[in-house]
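To start, the structure itself, in structure tokens.
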Amino acid sequence: MQDIEELRTQLGITEWLIMGHSFGGILAVNYAHQFATHVKGLILSNVTLNMFDSFQQQISKGTTILHKPPKKADTEKLELFMESYYEVLISLMEKGLYDTLQFVDVENKKAVDLVDREGLQSDPNFQQFIFSSQEYFQDFTLLTKEISKPVLVIAGEQDYAVGPKHHTSFNFHDQKVKVLRSAHHPYVEDQENFQQALSEFFFGVT
């Protein structure tokens, strides 16, 4: 959170819109909660605010895809939970099926991979740290009722990375919800409606 706040200070911005995607929703919501006076609004695209819930969604959908019996992972111990998660994840990857959790059309993954290679350069060590840290597996949906700033929530009707209904657990005081015909990456799979949702929200809060 402090890194984001230091960036705002360095840029000389008094108030800004914060946008988070996927796990970035946890960062965005926590920043808005801690630094509310500097937040004009939140844009949350396909975010998880409860990683236990979202990973269980992946486990449940994954076992269905693999034609295996339903499996409820133990959330009491993170290590055991992640063992169950990785068991399903590895099986999906071995069969070339993991991307079906994130894309309606897996061919769209090529566009996301291009961005990763040329710009984002995702750090696998950072992901490993997050996935093994109890701190990030708290239920951050509880913070949503404490945030009064305008919030745009974008969800994908086939987003099994975080869960297509995960956003229904959010309780922001002033939220607009757009469910798009996409999975986890609407900026690739439903660009027109994604851009329209952003534009309407932006002009509504500025």
**Request:** Indicate yes or no for a side-chain donor-acceptor contact from Q175 to the backbone of P150 under 3.5 Å, with no hydrogens or angles considered.
**Result:** no
**Asked** With no hydrogens and no angle check, is any side-chain donor or acceptor of N46 less than 3.5 Å from a backbone partner on A155?
**Response** no
**Asked** Are F194 and V104 connected in the hydrophobic side-chain network, where two residues link if heavy atoms are under 4.5 Å apart?
**Response** no
**Message:** Going by the rule salt bridge (Lys or Arg N to Asp or Glu O under 4.0 Å), which residues pair with E107 if we only count those two or more places apart in sequence or in a different chain?
**Reply:** K110
**Message:** So which atom in N30 and which in M1 form the shortest heavy-atom distance, rounded to 0.1 Å?
**Reply:** CB-SD, 3.6 Å
**Prompt:** How many angstroms lie between atom CG of D53 and atom NZ of K165, to the nearest 0.5 angstrom?
**Reply:** 13.5 Å
**Prompt:** Do side-chain atoms of H167 reach the backbone of V153 as a donor and acceptor pair under 3.5 angstrom?
**Reply:** no
**Fill in**
With sequence neighbours left out, the residues meeting ring pair (Phe, Tyr, Trp, His ring centres under 6.0 Å) with H185 are H21, F103, Y187
**Request:** Measure the shortest side-chain to side-chain distance between L42 and L152 over non-hydrogen atoms and say whether it is less than 4.5 angstrom.
**Result:** no
**Asked** Just by distance, with hydrogens left out, do Y160 and Q58 show a side-chain donor and acceptor under 3.5 Å apart?
**Response** no
**CE/M93: more than 12 non-hydrogen atoms of other groups inside 6.0 Å** = no
**Asked** Between atom CG of L142 and atom NE2 of H33, what is the distance when rounded to the nearest 0.5 Å?
**Response** 10.5 Å
**Note, E15 side chain near K149 side chain (heavy atom, < 4.5 Å)** = yes
**Message:** Nearest 0.5 angstrom please: T48 OG1 to H184 NE2, how far?
**Reply:** 9.0 Å
**Message:** For A73, give me all partners under side-chain contact (heavy atoms from CB on, under 4.5 Å), at least two apart in sequence or on another chain.
**Reply:** Q56, I59, F81, S84
**Message:** Using side-chain heavy atoms (C-beta onward) and a distance below 4.5 Å, is V205 in contact with L17?
**Reply:** yes
**Request:** Nearest 0.5 Å please: distance from the NZ atom of K176 over to the CD1 atom of I43.
**Result:** 11.5 Å
**Request:** Check whether more than 12 heavy atoms from other residues, nucleotides or ligands sit under 6.0 Å from atom OH of Y86, and answer yes or no.
**Result:** yes
**Asked** If every non-hydrogen atom of S148 is compared with every non-hydrogen atom of D174, which pair is closest and at what distance?
**Response** O-CB, 4.0 Å
**Complete:** Q57 and V162 have their tightest heavy-atom pair at CG-O, 3.9 Å
**Item:** Distance-only polar pair, side chains of Q10 and E6, donor-acceptor under 3.5 Å
**Value:** no
**Request:** Quick one: closest heavy-atom pair of K95 and L66, and the distance?
**Result:** CD-CD2, 3.5 Å
**Request:** Kindly indicate whether the side chain of I90, heavy atoms from C-beta on, has any atom under 4.5 Å from the side chain of Y98.
**Result:** no
**Asked** Just wondering, more than 12 heavy atoms not from E79 lying within 6.0 Å of its CD?
**Response** no
**Approximate separation, where rounding is to 0.5 Å, of N50 CG and F140 CZ** = 9.0 Å
**Nearest-0.5 Å distance that lies between atom CD in E135 and atom CG in L78** = 12.0 Å
**Donor-acceptor contact below 3.5 Å, side chain E189 vs main chain A183** = yes
**Request:** Answer yes or no: is there a donor N or O on one side and an acceptor on the other, between the side chain of H166 and the main chain of L49, under 3.5 Å?
**Result:** yes
**Prompt:** Hey, do the aromatic rings of F131 and F137 have their centres closer than 6.0 Å?
**Reply:** no
**Message:** Would you say D190 and N193 are linked by a side-chain donor-acceptor pair, where the criterion is simply a distance under 3.5 Å?
**Reply:** yes
**Request:** Compare all side-chain heavy atoms of K61 with those of L101 and state whether any distance is below 4.5 angstrom.
**Result:** yes
**Prompt:** So do K68 and S91 actually touch side chain to side chain, heavy atoms under 4.5 Å?
**Reply:** yes
**Prompt:** For the residue pair F201 and V151, what are the closest heavy atoms and their distance?
**Reply:** CE1-C, 3.7 Å
**Asked** Do other residues, nucleotides or ligands put more than 12 heavy atoms under 6.0 Å from the CD atom of E76?
**Response** no
**Prompt:** Is there a donor-acceptor pair under 3.5 Å between the side chain of E200 and the backbone N or O of A197?
**Reply:** no
**Asked** Is the centre of the F23 ring less than 6.0 Å from the centre of the Y136 ring?
**Response** yes
**Request:** Ignoring hydrogens and angles, tell me if any N or O in the side chain of T144 forms a donor-acceptor pair with the backbone of T141 under 3.5 Å.
**Result:** yes
**Complete:** Nearest heavy-atom contact between W16 and I18 is NE1-CD1, 3.3 Å
**Message:** Are the side chains of I154 and L198 in contact, using a 4.5 Å heavy-atom criterion?
**Reply:** yes
**Request:** Please tell me if the side chains of E157 and S182 come closer than 4.5 Å, counting only heavy atoms from C-beta onward.
**Result:** no
